[in-house]
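Just so it is clear, the model here is predicted, and its values are computed rather than measured. Below, each value reflects all heavy atoms present in this structure, side chains not excepted, and no hydrogens, waters or symmetry copies. Remember, it's 1-based here, ligands and their atoms both numbered in the order they're listed.
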Amino acid sequence: MSQAERGELDEFLSFFRDYCADDIATLAQHYPKEKRSLYVDYDDVYNFEPDLAERYLSRPGEMQEVAEEALRTYDLPVDISLGQAHVRLRNLPRENTIDIRAVRVSDDHIGSLVAVQGIVRKATDVRPKIVEAAFECQRCGTMTYIPQNDSGFQEPHECQGCERQGPFRVNNNESQFIDSQQLRVQESPEGLRGGETPQSIDVNLEDDICGRVTPGDHVTVVGRLEMEQVVSGQEKTTVFDPYMEGVSLTIEDEEFEDMDITEADKKEIIELSNHDGIYEEMVGSVAPSIYGYEQEKLAMILQLFSGVTKHLPDGSRIRGDLHMLLIGDPGTGKSQMLSYIRNIAPRSVYTSGKGSSSAGLTAAAVRDDFGDGQQWTLEAGALVLADKGIAAVDELDKMRPEDRSAMHEALEQQQISVSKAGINATLKSRCSLLGAANPKYGRFDQYEPIGEQIDLEPALISRFDLIFTVTDQPDPDHDAQLADHILTTNYAGELNTQREELPASNFSRDEVEDVTEEVEPTIDPELLRKYIAYAKRNCYPTMTDEAKQAIRDFYVDLRARGADEDAPVPVTARKLEALVRLSEASARVRLSDYVEEEDAERVIEIVQSCLQDIGVDPETGQFDADVVETGTSKSQRDRIKSLRELITTIADEYDDEPGAPVDQIIERADQVGMDGGKAEQELEKLRTRGEIYEPQGGYVRTT
Ligand code: ADP
Ligand code: MG
């Protein structure tokens with residue numbers, strides 16, 4: 001040990017005596033079973049000796065070794081050796097907390113101790129790693145001990161006993177192992193402005209800090225930034241990848257939000273919330289380049305504010321998050337509206353149903369190039385990464401089959417269980433889902449129930465609080481306004497671009513501003529993000545009697561329309577909870593502590609029009625919850641029942657033939673209210689469901 005190192009060792013010893021005596025005593029008591037680390041706050045080191053603290057940051061590897069050596073020589077009251085104990089520095093100063101995307105050699109990051117904040121995207125299993133391998137010579141039995149490091153498995157050149165070149169066998173009992181785990185930490189959604197693609201960094205963990213986090217957790221990792229040479233095929237390249245050797249790991253509060261709301265912001269927010277036209281202003285702040293869709297936009301605002309998550313006295317929980325689905329014809333602006341969410345949601349994830357990662361929308365156990373490429377890793381998908389925020393999923397109908405089944409749990413229980421390849425985990429997904437989907441056959445057929453036109457199963461559809469259908473039908477008035485709007489938007493864009501690109505532009509600033517104003521969001525997106533974050537943190541409204549009454553009346557009235565025995569049930573209790581959530585969100589927009597009658601009425605209007613769009617049995621014009629919840633309307637079910645009866649009747653008439661002749665069924669289909677084509681279609685469905693079979697070509701029988 002050098003003079004300098006001995007000096008530093010003494011410094012640490014006196015630091016430990018002054019600042020950590022109690023912690024070391026506790027560590028000694030529980031070492032090595034329950035505790036193997038001494039946690040040291042950066043501030044303590046700094047208060048003790050600023051220079052020591054700074055050296056710790058710039059030479060973290062050496063300093064940690066010296067500190068651990070000091071810990072081993074520290075005088076303990078009990079007769080215990082802290083031989084393998086770690087010293088883990090935590091709570092670094094703000095200057096040393098860096099953005100994952102901002103790692104730079106030129107900023108002296110590499111080799112120093114830094115902290116990064118983010119969300120755990122992937123985590124490998126915890127697995128033993130060899131740190132000292134004992135090679136047993138197969139000729140003479142002598143053990144040769146070789147310390148191992150991360151640059152690959154080192155084998156002995158010759159046996160320390162007989163000096164021959166083996167063969168050797170690794171003796172596990174004589175070797176030393178340590179727990180190891182790899183994480184991939186990705187920038188938190190709320191830290192990203194305007195839809196940047198999140199970047200990530202890999203972190204190696206050892207020993208007692210392994211196995212502490214699950215994908216989806218928000219963490220602060222303190223660690224040494226190191227680099228690893230990129231290998232392409234067998235070739236070493238000149239490029240290096242940064243990674244971190246984790247020193248300490250803190251799970252952040254779930255509410256942790258990287259958003260500073262100043263007193264001035266707060267004043268502005270409260271002032272805005274008192275505007276009479278606040279709802280219109282809100283609507284005007286969502287995707288202003290998209291014309292129309294006032295109700296959809298209002299619903300998106302309500303979704304951003306979300307209802308109140310309720311914890312019941314019996315320990316159960318009712319979600320406050322709202323799920324919303326836009327189904328519609330192509331080219332109607334759905335994707336545009338969805339992607340706008342990124343500008344105004346305090347925490348959002350935007351993805352397509354196909355998913356941009358192997359974890360897709362929910363979560364998955366995957367085996368890919370992460371870690372050593374052999375082991376299974378648990379990876380969080382979009383709905384987990386959007387925990388406590390909003391997940392905007394475009395092309396939801398194209399989601400993968402694995403996601404479909406996990407989705408039910410994700411939406412209602414707001415968690416995702418993964419049980420595969422020895423990995424059992426439950427990940428949190430307390431987010432709102434904003435989905436967009438295309439109809440099954442590309443375009444809407446207004447005369448068919450919605451349930452049959454989207455490629456999502458009814459049980460999943462029923463989890464949505466609101467479903468909007470967007471049809472694209474020619475309408476001269478509407479088309480003219482839409483055209484004006486799109487042309488103005490584009491014109492404003494042209495002016496802006498020209499002024500930016502050509503200093504000698506003929507248009508004056510005023511002209512540009514005049515046109516731009518028309519297509520600008522009413523409330524600045526940055527302020528709106530803060531507004532939403534502020535409301536969600538500070539506003540927990542409760543229902544007034546008038547609001548309860550209004551919702552109750554609406555619900556009872558809807559149900560009553562389906563009260564007589566034959567009528568389809570208009571609506572189910574799920575809608576009732578949706579109404580409550582929506583009206584809470586509506587109260588939050590005003591920062592009100594009470595859900596008033598006006599809130600109830602506002603959301604009743606939205607729900608009613610959604611129901612009209614989708615819950616209506618296209619054949620009777622009545623509300624029919626079955627259309628939504630099972631995908632088949634009552635009148636349709638009745639007709640299918642009659643079709644089966646018809647088949648039986650015809651089969652009886654033709655009792656000397658193998659079954660009911662198909663051409664007869666089609667000819668007489670009008671008896672059960674179907675035309676021939678429809679009957680053919682229904683027969684096909686009955687056949688695939690196994691409700692009828694073909695004893696012989698051209699004949700069918702019911703099962
Ligand atoms: P979708 O996802 O529904 O297929 P997109 O969001 O990709 O449709 O929209 C296609 C294009 O049409 C976009 O450039 C969008 O700006 C434009 N567009 C469609 N509907 C509207 C609308 N109501 N107002 C303004 N632009 C629209
Ligand atoms: Mg689209």
Checking a contact table here: which protein heavy atom is nearest [atom], and how many Å away?
| atom | answer |
| --- | --- |
| atom 8 (O) of ligand 1 | Gly333 N, 3.1 Å |
| atom 2 (O) of ligand 1 | Ser335 OG, 2.6 Å |
| atom 22 (C) of ligand 1 | Leu482 CD1, 3.2 Å |

Please report whether ligand 1 has a polar contact with Tyr291, defined as an N or O pair separated by less than 3.5 Å (distance criterion only). yes
Going by distance only, is there an N or O of Asp394 that falls short of 3.5 Å from an N or O of ligand 1? no
Heavy-atom contacts under 4.0 Å between Asn438 and ligand 1: side chain, backbone, both, or neither?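 The answer is neither; Asn438 stays 4.0 Å or more away.
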For ligand 1, does Ser289 get within less than 4.0 Å through its side chain, its backbone, both, or neither, judged by non-hydrogen atoms? backbone
If you measure from [atom] to every heavy atom of [options], which option wins on shortest distance?
| atom | options | value |
| --- | --- | --- |
| atom 19 (C) of ligand 1 | Ala437, Gly331, Ala436 | Gly331 |
| atom 16 (O) of ligand 1 | Gln481, His485, Gln336 | Gln336 |
| atom 3 (O) of ligand 1 | Glu395, Lys334, His478 | Lys334 |
| atom 27 (C) of ligand 1 | Leu326, Ile486, Ile327, Thr332 | Ile486 |

Can you name the atoms of ligand 1, numbered from 1 with element, that are less than 4.0 Å from a heavy atom of Pro330? 4 (O)
Should you measure from each heavy atom of Tyr293, which atoms of ligand 1 turn up under 4.0 Å away? 23 (N)
Heavy atoms from other residues, nucleotides or ligands near CG of Asn274 exceed 12 (cutoff 6.0 Å): yes
Take atom CD of Gln498 as the centre, draw a 6.0 Å sphere, and report whether it contains more than 12 heavy atoms from other residues, nucleotides or ligands.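 Counting other residues, nucleotides and ligands, CD of Gln498 exceeds 12 neighbours.
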Can you tell me how far apart [atom1] ([X]) and [atom2] ([Y]) are? Round to the nearest 0.5 Å.
| X | Y | atom1 | atom2 | result |
| --- | --- | --- | --- | --- |
| Tyr350 | Arg342 | OH | CZ | 6.0 Å |
| Asp321 | Arg581 | CG | CZ | 8.5 Å |
| Arg317 | Thr309 | CZ | OG1 | 5.0 Å |
| Glu520 | Ser285 | CD | OG | 10.5 Å |

N-O pairing of Arg319 and Asp465 below 4.0 Å: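 Yes, charged N to carboxylate O under 4.0 Å.
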Is Asn438 close enough to the Mg ion (ligand 2) to have an N, O or S atom under 2.8 Å?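 Of the N, O and S atoms in Asn438, none lies under 2.8 Å from the Mg ion (ligand 2), which means no.
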Quick one: does atom 25 (C) of ligand 1 have a protein heavy atom under 4.0 Å from it? yes
Taking the six-membered ring of Phe305, is the NZ or CZ of Arg588 close enough (under 6.0 Å from the centre) and on axis enough (within 45°)? no
Classify the side-chain pair Ser200/Arg121 by whether it contains a donor and acceptor separated by less than 3.5 Å. no
Matching residue for Asp387 among Arg430, Arg347, Lys428 - test: side chain to side chain donor-acceptor pair (under 3.5 Å):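 Answer to the side chain to side chain donor-acceptor pair (under 3.5 Å) test with Asp387 among Arg430, Arg347, Lys428: Arg430.
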